[in-house]
Protein chains: 2
Amino acid sequence: MNVIPAEQRTLRADARRNRERILASGRDLFARLGPEAQMDEIAAHAGVGIGTVYRHFPTKEALLTEMVRVRFQEFSEIALSVDDVDPREALETIMRRSAEAVEGDAGFQLAMMGSNELEWEGVEQQKAALAEVVGRVISRAVAAGAVREGFTFEDFAMVMCGVTATMYYKPGSADWRRYLELMLHGVCAP
Amino acid sequence: MNVIPAEQRTLRADARRNRERILASGRDLFARLGPEAQMDEIAAHAGVGIGTVYRHFPTKEALLTEMVRVRFQEFSEIALSVDDVDPREALETIMRRSAEAVEGDAGFQLAMMGSNELEWEGVEQQKAALAEVVGRVISRAVAAGAVREGFTFEDFAMVMCGVTATMYYKPGSADWRRYLELMLHGVCAP
DNA sequence: ACCTGAACACCGTTCAAGT
DNA sequence: ACCTGAACACCGTTCAAGT
């Protein structure tokens, strides 16, 4: 029933440490085991009781959601860092570097796939922030005639979602680069 | 331990009827409930005992696999039906009509997403058959200069996988058409 | 040869007791 | 204020008994 995001409260030092450990263990175990990763394992790996995991993250989905939220934050930082370069190149760089960031993060990929079950409320704010930064780059690119008329942030999100799906589909392969290449330049000959 | 695909054996009339009912119930319930659809519900909906479901499909994944296999068969038929028309148009038609076929089939989409868990052996043969028919169309399209050099069946599969992911992501929306449009003609301006 | 459903196993989640 | 882990609930799967 507590709706205040845990990371905004002031946590006792040990609680904050536990929270970080649980997140790190989650990333680690989801990457190694995929959806099979169990809550007890994550607790054990983090060196806490199962109850502590549930105190910080009320459901398994909530844990995944937080992992996604942190990545979205990272995407925004990536986008900000190229906000002033040539728009076409900026857009490509955002996509490529964001994709590279989550390349080994099967937890993120997993969460993105089963997105109906994800508690998106927690991510919405981060997504809105991302939309603003990326939206600016897209506008510039469209204005410069470098990206097709009518391309939107939602299209961008759809492309990135496809990249994520490709990564999940063939873990460890670089197929997603081919995928991004096709998305950027199209299947049909010029 | 029985490795003979169930559909190739001669089944007793009632068993065959049960098998079809279970498949139909699976399609129906996965479409309505997504991954939450339970094996008991599917059994009840099909009017059989839970043991009968497991006699025909040894795991939940096996049931989903068979649903996928049947769709792949359908894709091959679609591809065959346009084997002789203008290759560029043929390829677009295959993609569009295949996508439309699975638009409401959340079970198929679900199975495609969590594909590591899927028992792909059952589908491989159908996929190989599809590769042959679609590969022929792609070759003709590339030769005609209508599709970019180096485009392969695996690229085709990747695109279709992305379409499926988009459908699953936003059930009931037509976003996948936009997605396919981007894939065919690219994000970057010509 | 096939069907049935009670029983089992596994894993996400809760909650009473502890510091 | 936070932690712990035994106990519970749910659902995929099995198997002994039935036709």
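In what follows, chains are A, B, ... by sequence order, proteins preceding strands, each numbered from 1. Just so you know, these numbers come straight off a predicted model, no measurement behind them.
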*C:dG5 - base-pair partner by Watson-Crick or wobble geometry, distances under 3.5 Å*: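 Result: D:dC15.
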*asked:* Does the structure show a Watson-Crick or G-U wobble partner for D:dC10, both distances under 3.5 Å? Name it, or say none.
replied: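 Pairing partner, where one exists within any strand: none, as none qualifies.
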What is the separation between atom [atom1] on [X] and atom [atom2] on [N], rounded to the nearest whole Å?
X: B:R21; N: C:dC3; atom1: CZ; atom2: C1'; answer: 13 Å
X: B:I42; N: D:dC11; atom1: CD1; atom2: P; answer: 13 Å
X: A:E61; N: C:dC11; atom1: CD; atom2: P; answer: 17 Å
X: A:R17; N: D:dA1; atom1: CZ; atom2: P; answer: 18 Å
X: A:L33; N: C:dC11; atom1: CG; atom2: P; answer: 11 Å
X: A:E36; N: C:dC11; atom1: CD; atom2: C1'; answer: 12 Å
X: A:Y54; N: D:dA1; atom1: OH; atom2: C1'; answer: 21 Å
X: B:D40; N: C:dC8; atom1: CG; atom2: C1'; answer: 14 Å

*Any side-chain heavy-atom pair from A:E154 and B:D175 closer than 4.5 angstrom?*
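No, their side chains stay 4.5 Å or more apart.
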_If hydrophobic clusters are built from ILVMFWY residues whose side chains come within less than 4.5 Å, do B:I78 and B:V68 share one?_
no
Please determine if a side-chain N or O atom of [X] lies less than 4.0 Å away from the OP1 or OP2 oxygen of [N].
X: A:R55; N: D:dC2; value: yes
X: A:N18; N: D:dC2; value: no
X: B:H56; N: C:dC3; value: yes

_Nearest-nucleotide comparison on DNA chain C, the residue closer to the 5′ end among A:G51 and A:A37_ = A:A37
_Lys/Arg N to Asp/Glu carboxylate O, B:E100 vs B:R177, below 4.0 Å_ = yes
_Ion pair A:R71/A:E74, N-O distance below 4.0 Å_ = yes
[X] side chain, from C-beta outward: closest of [options]:
X: B:I50; options: C:dG12, C:dA6, D:dC2; result: C:dA6
X: B:M39; options: D:dT13, C:dC3, D:dC3; result: D:dT13
X: A:R12; options: D:dG12, D:dC2, C:dC3; result: D:dC2
X: B:A15; options: C:dC2, D:dT13, C:dT13; result: C:dC2
X: A:Q38; options: C:dC11, D:dC3, C:dC2; result: C:dC11
X: A:V48; options: D:dT13, C:dC3, D:dT4; result: D:dT4

*Does atom CD of A:E132 have more than 12 heavy-atom neighbours, drawn from other residues, nucleotides or ligands, at distances under 6.0 Å?*
no
